[in-house]
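The block underneath contains the structure these notes are about, expressed in structure tokens.
Residue numbers start at 1 and run along the sequence shown. Whatever order the structure lists ligands and atoms in, that order sets their numbers, starting from 1. None of these values were measured; they are calculated from a predicted model.
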Amino acid sequence: MIPSNLSKDTIVALSTAAGHGAIAVIRLSGPEAISIVQSVFKGKNLQNQPSHTLHFGTIRDDEKILDEVVVSLFKGPNSYTKEDVIEVSCHGSPYITEQIIKLFLRKGARLAEAGEFTKRAFLNGQFDLAQAEAVADLIASDSALTHQVAMKQMRGGFSQEIKALRAQLIHFASMIELELDFSEEDVEFADRSALRRLISSLQRLITDLLQSFEMGNVLKNGVPTVIAGKPNAGKSTLLNALLNEEKAIVSDIPGTTRDVIEDEALISGIRFRFIDTAGLRETQDKVEAIGVARTKEQLQKASLVLYLFDLASTTPQEVQEEMSALDLPQVPSLLIGNKKDLASPEQLSTFSGLENLVFISADTKEGLEELKDALLEQVHANEAITGDRTIVTNLRHFQSLQKTSDALQEVLKGLDGGLTGDWLAADIRRCLFYLGEITGEITTDDLLDNIFTKFCIGK
Ligand code: GDP
């Protein structure tokens, strides 16, 4: 599977972020990695040094010293790519890194393509495809939860589950195929009811994984959350309280939040993308009318709608009318009664008949913690935060699992309909193919290109 030209090239790239920094790391991988660095390095003879050692010296372009550096030496196959790898830690100046990289290019390296180090690691058997993809997720992780999910996937947790599913199917397929070998004798090695139980249990596992993608999507992309409500209900104040910064415009004049302002807040590791909207009241004002139209547009895209109202000046009937005017068929919604500080206990008690209601004061931040809990509950995040359930975050994996599930359904139908072993075997092979796509037992060049070109250069 390793293309013959792969390890002929020695690749080089800046592996740390572009820009000024204390230190920058330039990485090389390939058969000439050590000799290319050696040709410009004044220090120890790297060829003679053991793997996993550090060496101080200078990088010189002829006699000109470009930098004082520390070279990390990893000799294949004990390296990230399983090839010879050198990491040059130099001073983090874009000028210095460019000069050193250009020097390595002149000495025979070529610039690495996006994700090429990780692609080589995959092709050389360092890890499977799902684990390679998790490397990118890990780099992109920005909360405790996205980090936890990516780390589990990179360390092979998800792959183990897929491989276990695959192993069971392979066992199943081999029983069926054994039958085919003896087909003239009309024997059944594979107990049909045991097979049925096995396929049903695999189907349940895959359904669980498929369902976890909803949470995976929430983790990766956040929850688009619209804050709707009449002007002056306190939407901007609430948004500011949640974001802890003054981004939206707060004012006493109704209808000043004309634009749709989007910002993000992490609540227990879940990213809520808040969309503050203009109020929904009928208006003659042209600019505001555009805002109202945009609110309606945003509501369509929301995964969660918060309807905020002023407790001191709104009746429960009005809230119910507004909610039905919003016309939210499938989207979960939460009612937020604001300005609790201005409402009397009698006023508060009139709302007791409303469901999914939280009382807050956006101004004094009273009730904000309860609101955050309610938000997490609405997106069923608790399981992801506390449990160690496997969560599918990758659309490609989701699609392969879906195809596996469809093929398993065919196997079940086949078993019910008394389909012969050769047909069953064909459907099972399809399942194996789709599961194999996830971990990379089955790959195509297009698939690999698609995955690794999304990585950054140097990874
Ligand atoms: P929006 O039009 O819905 O965005 O409302 P704003 O956030 O601009 O708030 C309208 C007014 O209500 C401002 O003067 C806020 O200071 C005030 N306000 C918002 N929340 C509260 C609250 O919980 N208690 C009190 N007393 N005033 C609030």
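Heavy-atom separations between E366 and ligand 1 are all 4.0 Å or longer. No heavy atom of G229 sits closer than 4.0 Å to any atom of ligand 1.
At a 3.5 angstrom cut-off on N or O pairs, G234 counts as close to ligand 1. Looking at ligand 1, you'll find an N or O of T237 within less than 3.5 Å of one of its N or O atoms.
Ion pair D61/R106 flagged as a salt bridge, since at least one NZ, NE, NH1 or NH2 atom sits closer than 4.0 Å to an Asp/Glu carboxylate oxygen. Under 4.0 Å is where a charged nitrogen must lie from a carboxylate oxygen, and between K119 and D449 at least one such pair does. Checked for salt-bridge contact, R166 and E161 miss the test: no charged N lies under 4.0 Å from a carboxylate O.
Counting the atoms of ligand 1 from 1 in the order shown, those under 4.0 Å from a heavy atom of S361 are 22 (C), 23 (O), 24 (N). Taking a cut-off of under 4.0 Å to the non-hydrogen atoms of K235, the atoms of ligand 1 that pass are 1 (P), 3 (O), 4 (O), 5 (O), 7 (O). Close approach to K230 involves these atoms of ligand 1, each under 4.0 Å from a residue heavy atom: 3 (O). Set against the non-hydrogen atoms of P231, the atoms of ligand 1 under 4.0 Å away are 2 (O).
Using a 4.0 Å cut-off between heavy atoms, L342 contacts ligand 1 through its side chain alone, with no backbone atom that close. At a heavy-atom distance under 4.0 Å, no atom of L238 approaches ligand 1.
Compare L239, N232, D341, L308 by their heavy atoms: the one nearest to atom 24 (N) of ligand 1 is in D341.
At least one side-chain heavy atom of L169 sits under 4.5 Å from a side-chain heavy atom of I199.
Using bins of under 30°, 30° to 60° and over 60° for the plane-to-plane angle, the ring pair F274/F272 lands in the parallel bin. Using cut-offs of 30° and 60° for the angle between ring planes, the F351 and F359 rings count as perpendicular.
Judged by a 6.0 Å distance limit and a 45° cone about the ring axis, K459 is positioned over the six-membered ring of Y80.
Between the side chain of K403 and the backbone N or O of C431, no donor-acceptor pair lies under 3.5 Å.
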